[in-house]
Amino acid sequence: MAPYEPVKHLYFLVEGSVRIYGVRRDGGIFPVSAASQLTMLGDLEFCGNGVSPFFVEARTPSACVALNLDRWKEELNRDLRFLHVLLESFMEKMRLFAVMGGGTVTVRDRILFYLQHLCPQGTILRLGKGHYQLLRTRTYVQNDVDF
């Protein structure tokens with residue numbers, strides 16, 4: 001999925017893992033979420049105008065099952081069980097965004113999140129790759145380290 005392209009399918013990730021991110025005007029990347037098997041992709045777009053503001057990129061070899069929205073959207077909007085699953089999927093992405101991308105979160109929480117969701121096998125291989133995500137500024141780190 002790429003930003004500003006119409007989303008015509010809901011995708012259900014059945015194998016592998018992906019990351020969802022946006023690009024700021026200055027070219028920097030901000031993480032929105034990380035997802036692994038049995039995750040719904042396109043849930044934000046299903047609820048909105050059908051256009052994604054984010055990139056979705058495979059982190060590992062991945063496979064999805066696609067559901068055509070032109071054919072099934074009206075029926076899905078009437079299915080309360082589906083809408084509940086949609087809400088859970090949406091809220092999990094917002095929870096991950098709050099931990100990684102926004103809000104006032106401690107460096108400790110950022111590192112734990114990074115290890116749990118973004119590092120292969122929970123190991124930091126190169127600190128530089130996730131440096132911005134973990135340590136926004138030197139001042140932030142100095143004021144917030146509480147291990």
Side-chain angles (χ1 to χ4, degrees), residues 1-73 75-77 79-137 140-141 144-145 147:
M1 296 172 71
Y4 309 110
E5 291 182 5
V7 175
K8 297 190 181 279
H9 295 83
L10 269 179
Y11 297 96
F12 298 89
L13 184 65
V14 294
E15 186 176 308
S17 62
V18 299
R19 71 180 185 141
I20 303 168
Y21 62 93
V23 177
R24 291 188 306 273
R25 289 178 191 221
D26 67 1
I29 291 175
F30 64 92
V32 173
S33 187
S36 56
Q37 294 177 19
L38 303 178
T39 298
M40 186 184 311
L41 302 170
D43 50 350
L44 304 173
E45 297 76 15
F46 183 90
C47 297
N49 62 1
V51 177
S52 177
F54 305 115
F55 286 95
V56 177
E57 178 181 87
R59 292 178 45 228
T60 62
S62 301
C64 291
V65 173
L67 185 63
N68 185 301
L69 290 176
D70 290 336
R71 166 69 176 93
W72 295 103
K73 187 166 185 171
E75 190 167 329
L76 291 172
N77 273 319
D79 185 334
L80 293 180
R81 192 176 317 168
F82 168 77
L83 294 173
H84 184 73
V85 170
L86 182 77
L87 180 60
E88 286 179 3
S89 175
F90 184 86
M91 292 309 299
E92 178 62 13
K93 288 180 180 79
M94 293 302 100
R95 184 188 72 77
L96 294 175
F97 174 72
V99 171
M100 247 348 246
T104 55
V105 180
T106 66
V107 173
R108 178 182 181 275
D109 289 343
R110 286 180 183 275
I111 292 171
L112 292 175
F113 175 86
Y114 190 79
L115 287 171
Q116 182 180 6
H117 296 284
L118 301 175
C119 283
Q121 295 132 6
T123 304
I124 295 177
L125 300 175
R126 294 180 304 223
L127 186 58
K129 185 175 182 180
H131 187 261
Y132 178 76
Q133 294 171 351
L134 295 173
L135 312 170
R136 286 194 178 184
T137 66
Y140 183 83
V141 174
D144 224 16
V145 175
F147 285 98

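Both backbone and side-chain heavy atoms feed into the values below; hydrogens, waters and symmetry mates do not.
Rounded to the nearest 0.5 Å, atoms NZ (Lys8) and CG (Asp70) are 5.5 Å apart. Distance CD/Glu5 to CZ/Phe55: 8.5 Å, rounded to 0.5 Å.
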Go through the steps to decide whether Thr39 and Phe12 satisfy the test side chain to side chain contact (heavy atoms under 4.5 Å, CB included), and finish with yes or no. CA-CA 6 Å; Thr39 298; Phe12 298 89; over 6 Å; no

Evaluate side chain to side chain contact (heavy atoms under 4.5 Å, CB included) for Leu10 paired with Asn68, printing each intermediate quantity in order. CA-CA 7 Å; Leu10 269 179; Asn68 185 301; over 6 Å; no

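Contact detail for Cys64 and Leu41: the closest heavy-atom pair is SG-CD1, 4.4 Å.
A perpendicular orientation is assigned to the rings of Phe46 and Phe82, their planes being inclined by more than 60° (bins at 30° and 60°).
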Would you be so kind as to tabulate the donor-acceptor pairs closer than 3.5 Å made by side chains of residues 83-90, with sequence neighbours excluded?
unit_1, atom_1, unit_2, atom_2, d
His84, NE2, Glu88, OE2, 2.8
Ser89, OG, Asp43, OD2, 2.5
Ser89, OG, Lys93, NZ, 3.0

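Val7 places none of its side-chain heavy atoms less than 4.5 Å from the side chain of Leu44. Side-chain contact between Tyr21 and Glu57: present, with at least one pair of heavy atoms (C-beta onward) separated by less than 4.5 Å.
The closest donor-acceptor contact from the side chain of Thr60 to the backbone of Ser17 lies under 3.5 Å.
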